[in-house]
Engineer: 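Can you read through this structure? Questions will come right after.
Residue indices begin at 1 and follow the sequence shown. Only this structure's heavy atoms are used, side chains among them; waters, hydrogens and symmetry mates stay out.
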Amino acid sequence: MMRKKRPGILGLKVRVIAATAMAVLIGLIGLGVLVINTLRSRDGRGLFAEYDHLLHRTGTTSIGWMTRWEGMSYWLNAERTVGVGYRLENNFAVVLSDPIGTPAAIAAGVRSFLDMCERRGWRPVFYAVTDSFRQRAAELGFKSIVVAEDTVIDLPELAFTGKSWQSVRSAINQAGKRGITLQSVRYGEAPAEIGDQLRAIAESWAGDKSLPPLGFTLGTLHEASDPEVRLHLAVDPEGSVHGMTSWMPVYGDGAIVGWTLDIMQRRLTDDTMKGVVEFLIAQSAMTFKAEGYRFISLSASPLSRGEASAGPIEAVLDLVAKRLEPLYGFASLHSFKAKFKPRFEPMYLCYSDDAHLVGISVAITKAYLPDKAIRTAIGSTLT
């Protein structure tokens with residue numbers, strides 16, 4: 001009888017890298033494409049309230065609002081000047097976005113968080129963090145890889161003039177011809193007939209069964225019931241909603257300084273205005289500009305590293321992205337966002353040891369997929 005050939009060291013390393021790539025990719029699908037329900041922390045409402053107060057007072061990154069969502073746990077230092085939102089999976093504390101807090105306290109606060117993790121036998125991982133925090137993490141011995149790019153549009157000088165903005169202006173002009181306007185609402189205050197249409201649009205998108213179910217990030221409009229989240233709707237003269245975007249606030253120094261795109265959906269009918277999402281983003285940008293905000297973010301663009309150097313993990317991330325492109329359309333999503341000429345800011349995964357990559361892959365995947373889907377996703381990547 002022939003023995004089953006075991007994979008060589010090189011083959012095993014490639015599989016480990018592939019598993020990590022799949023896990024990071026799955027997470028970034030959630031950051032860049034889908035939505036999630038609003039949360040109450042399993043650590044209790046009191047700790048969440050303290051974390052939330054600190055977030056509003058000191059600010060966060062463009063995706064920091066997501067740390068308030070379902071499944072997160074919270075840690076604050078004794079002085080309540082630094083906070084961390086994380087998800088605990090398989091003894092990995094997966095921290096989402098940069099830690100929040102007063103700048104002078106961040107360094108000592110992060111060390112205290114790492115000490116807490118060590119006492120509990122947890123391995124901390126920092127996920128979708130900025131370059132600023134990556135540098136701080138490097139001083140503490142963490143390695144990093146680029147996993148996505150934030151897409152930021154500065155508002156003060158924004159003007160849709162010139163040939164390069166033609167496609168965006170065409171969408172705005174088309175809306176004008178059809179009498180479609182932008183309406184800003186809070187979901188909880190929307191009239192019943194508008195709410196019914198929004199739910200119908202959301203349900204039509206959720207009904208797509210061709211994609212693996214992302215339980216951690218796939219939700220309904222429930223998250224938009226947060227009174228601080230704004231919904232921008234494209235509504236025609238008959239009161240029909242052609243599309244919707246939702247915007248999460250970005251706080252800095254106690255005030256909202258920008259907004260991050262979350263939901264981005266159009267009505268899936270033949271009479272829906274072509275270019276309605278372009279119209280919604282462009283008109284939202286001009287609305288926020290008029291209100292005095294500094295920027296908007298179109299959220300993470302998965303696996304679009306620009307000129308960043310590519311090591312073995314990054315190379316496999318690109319390969320996995322190509323394999324999943326027909327399902328998730330990363331390239332088309334990136335191209336769509338590029339229409340708005342954003343600044344592309346790298347987002348990083350920071351980790352302490354290459355030996356933890358398999359565990360990190362499982363932890364991140366578990367944060368986004370139910371058990372059956374985990375086995376399917378990781379199994380198909382490793383074979």
Engineer: Taking M66 as the starting point, is it possible to reach V250 by hopping between hydrophobic residues whose side chains are less than 4.5 Å apart?
Structural biologist: no
Engineer: Please check: side-chain N/O of T260 versus main-chain N/O of S297, any donor-acceptor pairing under 3.5 Å?
Structural biologist: no
Engineer: Just verifying a value: how many Å separate L140 CG and Q135 CD, rounded to the nearest 0.5 Å?
Structural biologist: 12.5 Å
Engineer: Got a sec, which pairs hit salt bridge (charged side-chain N to carboxylate O under 4.0 Å, His left out) with one end in residues 156-174, sequence neighbours left out?
Structural biologist: none
Engineer: In the structure I gave you, are the side-chain heavy atoms of F344 and D150 within less than 4.5 Å of one another anywhere?
Structural biologist: no
Engineer: Indicate yes or no for a side-chain donor-acceptor contact from W75 to the backbone of V82 under 3.5 Å, with no hydrogens or angles considered.
Structural biologist: no
Engineer: For D52, enumerate each residue passing the side chain to side chain contact (heavy atoms under 4.5 Å, CB included) test, keeping only those at least two apart in sequence or located in another chain.
Structural biologist: F48, H56, R68
Engineer: Quick one: does V241's side chain get under 4.5 Å of I194's, heavy atoms only?
Structural biologist: yes
Engineer: Of all heavy-atom pairs between L96 and A128, which one has the smallest distance, and what is that distance?
Structural biologist: CD1-CB, 4.4 Å
Engineer: Can you find a side-chain donor-acceptor pair between T61 and T130 that sits under 3.5 Å?
Structural biologist: no
Engineer: Would you say S144 and Y351 are linked by a side-chain donor-acceptor pair, where the criterion is simply a distance under 3.5 Å?
Structural biologist: no
Engineer: Under a 4.0 Å N-O cut-off, is there an ion pair linking D236 with R178?
Structural biologist: no
Engineer: Report, one line per pair, each donor and acceptor closer than 3.5 Å where one atom sits in a side chain of residues 271-281; sequence neighbours left out.
Structural biologist:
| unit_1 | atom_1 | unit_2 | atom_2 | d |
| --- | --- | --- | --- | --- |
| D271 | OD1 | R267 | NH2 | 3.3 |
| D271 | OD1 | T269 | OG1 | 2.7 |
| T272 | OG1 | R267 | O | 2.8 |
| T272 | OG1 | R267 | NE | 3.3 |
| T272 | OG1 | T269 | O | 3.2 |
| T272 | OG1 | T269 | OG1 | 2.9 |
| E278 | OE2 | K339 | NZ | 2.7 |

Engineer: Between the side chains of T245 and W247, does any donor sit under 3.5 Å from an acceptor?
Structural biologist: yes
Engineer: Any salt bridge linking E291 with K289? Criterion: basic side-chain nitrogen under 4.0 Å from a carboxylate oxygen.
Structural biologist: no
Engineer: When you measure from the side chain of Q265 to the backbone of L198, do you find a donor-acceptor pair of N or O atoms at a distance under 3.5 Å?
Structural biologist: no
Engineer: With sequence neighbours excluded, give me every salt bridge (charged side-chain N to carboxylate O under 4.0 Å, His left out) pair touching residues 135-148.
Structural biologist: K143-D354
Engineer: Using a distance-only test with no angle check, is there a side-chain donor-acceptor pair under 3.5 angstrom linking N77 and S112?
Structural biologist: no
Engineer: May I ask you to decide if T67's main-chain N or O and Y74's side chain share a donor-acceptor pair within less than 3.5 Å?
Structural biologist: yes
Engineer: Can you say whether the rings of F288 and Y293 are parallel (under 30°), tilted (30 to 60°) or perpendicular (over 60°)?
Structural biologist: perpendicular
Engineer: Of the non-hydrogen atoms in L55 and G64, which two are nearest, and what is the gap between them?
Structural biologist: CD1-O, 3.9 Å
Engineer: Using only heavy-atom distances, determine whether the side chains of Y251 and E228 contain a donor-acceptor pair under 3.5 Å.
Structural biologist: yes
Engineer: Mind checking what makes side chain to side chain contact (heavy atoms under 4.5 Å, CB included) contact with V229, not counting sequence neighbours?
Structural biologist: W65, D226, S246
Engineer: Taking side chain as C-beta onward, heavy atoms only, is R230 less than 4.5 Å from W259?
Structural biologist: yes
Engineer: Do the charged groups of R120 and E118 touch, with an N to O distance under 4.0 Å?
Structural biologist: no
Engineer: Check the pair R186, L231 against side-chain contact (heavy atoms from CB on, under 4.5 Å), reporting the backbone distance first and the verdict last.
Structural biologist: CA-CA 6 Å; R186 307 289 179 173; L231 278 173; over 6 Å; no
Engineer: Run the side-chain contact (heavy atoms from CB on, under 4.5 Å) check on F113 and V95 step by step: do they pass?
Structural biologist: CA-CA 11 Å; F113 174 74; V95 178; 3.7 Å; yes
Engineer: Does one hydrophobic cluster hold both F340 and V152, with members joined at side-chain heavy-atom distances below 4.5 Å?
Structural biologist: no
Engineer: Answer yes if F295 and W165 sit in the same cluster of Ile, Leu, Val, Met, Phe, Trp and Tyr residues linked by side chain heavy atoms under 4.5 Å apart, and no otherwise.
Structural biologist: no
Engineer: What heavy-atom pair brings I106 and P99 nearest, and what distance separates the two atoms?
Structural biologist: CD1-O, 3.9 Å
Engineer: Going by the rule side chain to side chain contact (heavy atoms under 4.5 Å, CB included), which residues pair with A137 if we only count those two or more places apart in sequence or in a different chain?
Structural biologist: F133, F142, C350
Engineer: In sequence, state the C-alpha distance, the side-chain angles, and the governing distance for S170 and Q174, and then conclude on side-chain hydrogen bond (donor to acceptor under 3.5 Å, both in side chains).
Structural biologist: CA-CA 6 Å; S170 295; Q174 177 68 10; over 6 Å; no
Engineer: Would you please test M248 and W69 for side-chain contact (heavy atoms from CB on, under 4.5 Å) and show each step?
Structural biologist: CA-CA 12 Å; M248 303 176 294; W69 287 353; 3.2 Å; yes
Engineer: When hydrophobic residues are tied together by side-chain contacts of less than 4.5 Å, even through go-betweens, does I63 share a cluster with I256?
Structural biologist: yes
Engineer: With under 30° as parallel and over 60° as perpendicular, where do the rings of F92 and H356 fit, or are they tilted in between?
Structural biologist: perpendicular
Engineer: Decide side-chain contact (heavy atoms from CB on, under 4.5 Å) for L233 and V185; before the verdict, give the C-alpha distance in whole Å, the side-chain angles of both, and the deciding distance to 0.1 Å.
Structural biologist: CA-CA 8 Å; L233 316 178; V185 302; 3.9 Å; yes
Engineer: Look up atom CZ in R57 and atom OG1 in T102, then write down how far apart they are to the nearest 0.5 Å.
Structural biologist: 7.0 Å
Engineer: Do F126 and W122 land in one hydrophobic cluster if side-chain heavy atoms of ILVMFWY residues count as linked below 4.5 Å?
Structural biologist: yes
Engineer: Over all heavy atoms of both residues, which pair between I296 and A285 is shortest? Give the atoms and the distance, please.
Structural biologist: CD1-CB, 3.8 Å
Engineer: Once you round to the nearest 0.5 Å, how far does CZ of R343 lie from CD of E149?
Structural biologist: 12.0 Å
Engineer: So, taking the atom named CD in Q283 and the one named CD1 in I172, what distance separates them when rounded to the nearest 0.5 Å?
Structural biologist: 6.0 Å
